[in-house]
Amino acid sequence: MNVTNDPNLTSWIDSANETGCDFPIQNLPFGLFTVAGDDRPRIGVAIGDMVMDCGALGRRGLLDDHCEPAARDALAGTSLNEFLALGRMHWRAVRERMSALLRSDMPVLKDDMDAREACFFPLCEVELHLPMEVGDYTDFYASLSHATNIGSMFRPDNPLMPNWKHLPVGYHGRASSIVVSGTPIVRPAGQTIAADGADPTDGNVRLLDYELEVAFVMGPGNEMGDRIDIESSRDHLFGVMLMNDWSARDIQKWEYQPLGPFNAKNFATTVSPWIVTLDALEPFMVDGPPRTDDDPANLDYLVSEKDFGVDIDLTVSIASEGMRDAGVEPTLISRGNYADMYWTMSQMLAHHTSTGCPMRPGDMYASGTVSGTTEDSRGCLLERTWRGQNPITLGDGTERKFLADGDEVIIRGWCQAEGAARIGFGDCRGVVVPARERVQA
Ligand code: MN
């Protein structure tokens, strides 16, 4: 195990040592923040209830002799893209240095009050932003339970398409509408058709849904024409975020044939503000992917002895506006685990680039809805309420088939394992706000 993952490490920042804290010294996730009175975004690392300003660390010489000047300069930037492009050796050197600076027994930063003043801000006082500029975004469909559930609703005789166990199915999504946790989600409008087969209409979406997903952030990437070999995926994958793939089911039902999702998915995608690195996730990596004797063998480019899943516990909760006003706890809607997915992040990447499609630093791709085999592990309302047939009841007594205006969807994720410190992802949340009077831009 890498020294940065040692469960016995503690930080001189006391809040990082508290039980249940998402950001202990073993985590060190990267994000982007601004402070009051200064619009320039800064790269930060979350530790306890504080954020550490990476650019400020570098300016004080605290990264010198441990990290290359290229890494120090990239961390002084206004987005993570340049740092993502540097690659795994730099990421690891920076992680090791930051871990050392924050350790209880290391006086360098702990005893330098000037530097502490300049480099640390309370998380509750900063504004968090999307950590990187996302050039391209792809969404997969990697959960067997999700694909089978959705398939059986629409094609009861033939739920799983013949390609599904041979390749990770995906579609190219929309990068321009990826937003950070906390951004309000305006109820979209679009073309839908009523169930009775009447003429299509243009109007506000009625069947608004969330999808519980995990997103992956690209590092260096590949030249056009080259492939990323499944064995070298770790060199290209920087980290993981939680994601809500907001979905308009009534648009989707009408538009999806024959080319798949389009407007049903392009109006908003929310991600959690922190990228948890693969280095931090190492203690939680498990064998992957699960296969049975009935499953077909996969082609060589999708198979690696070293392939891995990650044991990430995930929950979705909903709080209506009334519940928030009354101080009622959000209602837990489902609970899943990313390790249940049929296709791994490395398989998705190997497949995505099998044609030579170039991936660039900051590109993002996502797992698809994380659903397990049980009813309470279904990762979207379409499945959870079975197309609205079995509504769920919220803490205020109201029922939901799909999302109502004012509803807040809260996705949480964390990892825990024997012999490792628990780490968390930070919330991925968004409130649905009423549809706008539509303006022609
Ligand atoms: Mn999705």
Side-chain angles (χ1 to χ4, degrees), residues 134 136-154 159-161 163-164 167-181 183 185 188 190 205 207-217 240-257 259-272 312 314-316 318 333-334 336-338 340-345 347-349 351-352 363-372 377-385 387 402-403 409-411 413 425 428-430 432:
V134 183
D136 273 302
Y137 155 58
T138 303
D139 196 21
F140 284 89
Y141 191 56
S143 157
L144 179 59
S145 297
H146 176 68
T148 307
N149 285 339
I150 299 296
S152 64
M153 281 178 212
F154 296 102
L160 214 56
M161 289 293 189
N163 59 2
W164 199 89
L167 56 86
V169 168
Y171 66 93
H172 287 114
R174 188 72 194 165
S176 64
S177 52
I178 297 173
V179 294
V180 75
S181 177
T183 307
I185 304 302
V205 159
L207 311 185
L208 185 61
D209 203 354
Y210 62 81
E211 289 186 340
L212 163 65
E213 303 203 20
V214 171
F216 314 104
V217 178
V240 176
M241 299 190 287
L242 307 179
M243 191 181 103
N244 181 346
D245 178 20
W246 302 93
S247 298
R249 300 303 183 192
D250 39 0
I251 292 180
Q252 187 175 1
K253 193 173 64 176
W254 173 229
E255 76 173 2
Y256 87 102
Q257 295 186 58
L259 288 184
F262 183 50
N263 282 345
K265 306 279 192 170
N266 72 4
F267 58 93
T269 305
T270 302
V271 292
S272 53
I312 307 174
L314 299 160
T315 61
V316 182
I318 297 178
I333 306 296
S334 67
N337 193 298
Y338 171 69
D340 288 342
M341 306 299 269
Y342 191 89
W343 296 104
T344 67
M345 64 179 93
Q347 288 175 315
M348 292 185 242
L349 184 58
H351 184 66
H352 201 314
D363 282 1
M364 192 176 103
Y365 66 97
S367 61
T369 306
V370 179
S371 290
S377 63
R378 293 175 183 163
C380 61
L381 285 175
L382 180 64
E383 280 173 274
R384 194 72 182 79
T385 70
R387 272 203 282 188
F402 291 93
L403 296 169
V409 178
I410 305 147
I411 295 176
F425 283 74
C428 172
R429 41 172 88 218
V432 177

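Counting starts at 1 for both ligands and their atoms, in listed order. Values below: every heavy atom of this structure, side chains too, minus hydrogens, waters and symmetry copies.
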Per-pair distances, 0.1 Å, donor-acceptor, side chain in residues 365-372, under 3.5 Å, sequence neighbours excluded:
unit_1, atom_1, unit_2, atom_2, d
Y365, OH, M345, O, 2.6
S367, OG, V214, N, 3.1
S367, OG, V214, O, 3.4
T369, OG1, H146, NE2, 3.4
T369, OG1, E211, OE1, 3.3
T369, OG1, E211, OE2, 3.4
S371, OG, G379, N, 2.9
S371, OG, E383, OE1, 2.9
S371, OG, E383, OE2, 3.1

Determine whether Y137 and M243 make a side-chain contact, defined as any pair of heavy atoms from C-beta on separated by less than 4.5 Å.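 SC-SC contact between Y137 and M243 confirmed.
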
Just to be careful: counting only protein atoms that are N, O or S, how many fall under 2.8 Å of the Mn ion (ligand 1)?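 Count of protein N, O, S atoms less than 2.8 Å from the Mn ion (ligand 1): 4.
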
So, using salt bridge (charged side-chain N to carboxylate O under 4.0 Å, His left out) as the criterion, who are the partners of D139 when residues are at least two apart?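 Counting only residues at least two positions away or on another chain, D139 forms no salt bridge (charged side-chain N to carboxylate O under 4.0 Å, His left out).
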
Both conditions, 6.0 Å and 45 degrees, for the charged tip of R174 above the ring of F267: are they met here?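 Ring-cation test returns no.
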
Residues in ring-ring contact (aromatic ring centres under 6.0 Å, His included) with Y342, at least two apart?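 W164.
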
Taking everything shown except F262 itself, do over 12 heavy atoms lie less than 6.0 Å from its CZ?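 No - once you tally the heavy atoms of other residues, nucleotides and ligands closer than 6.0 Å, there are 12 at most.
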
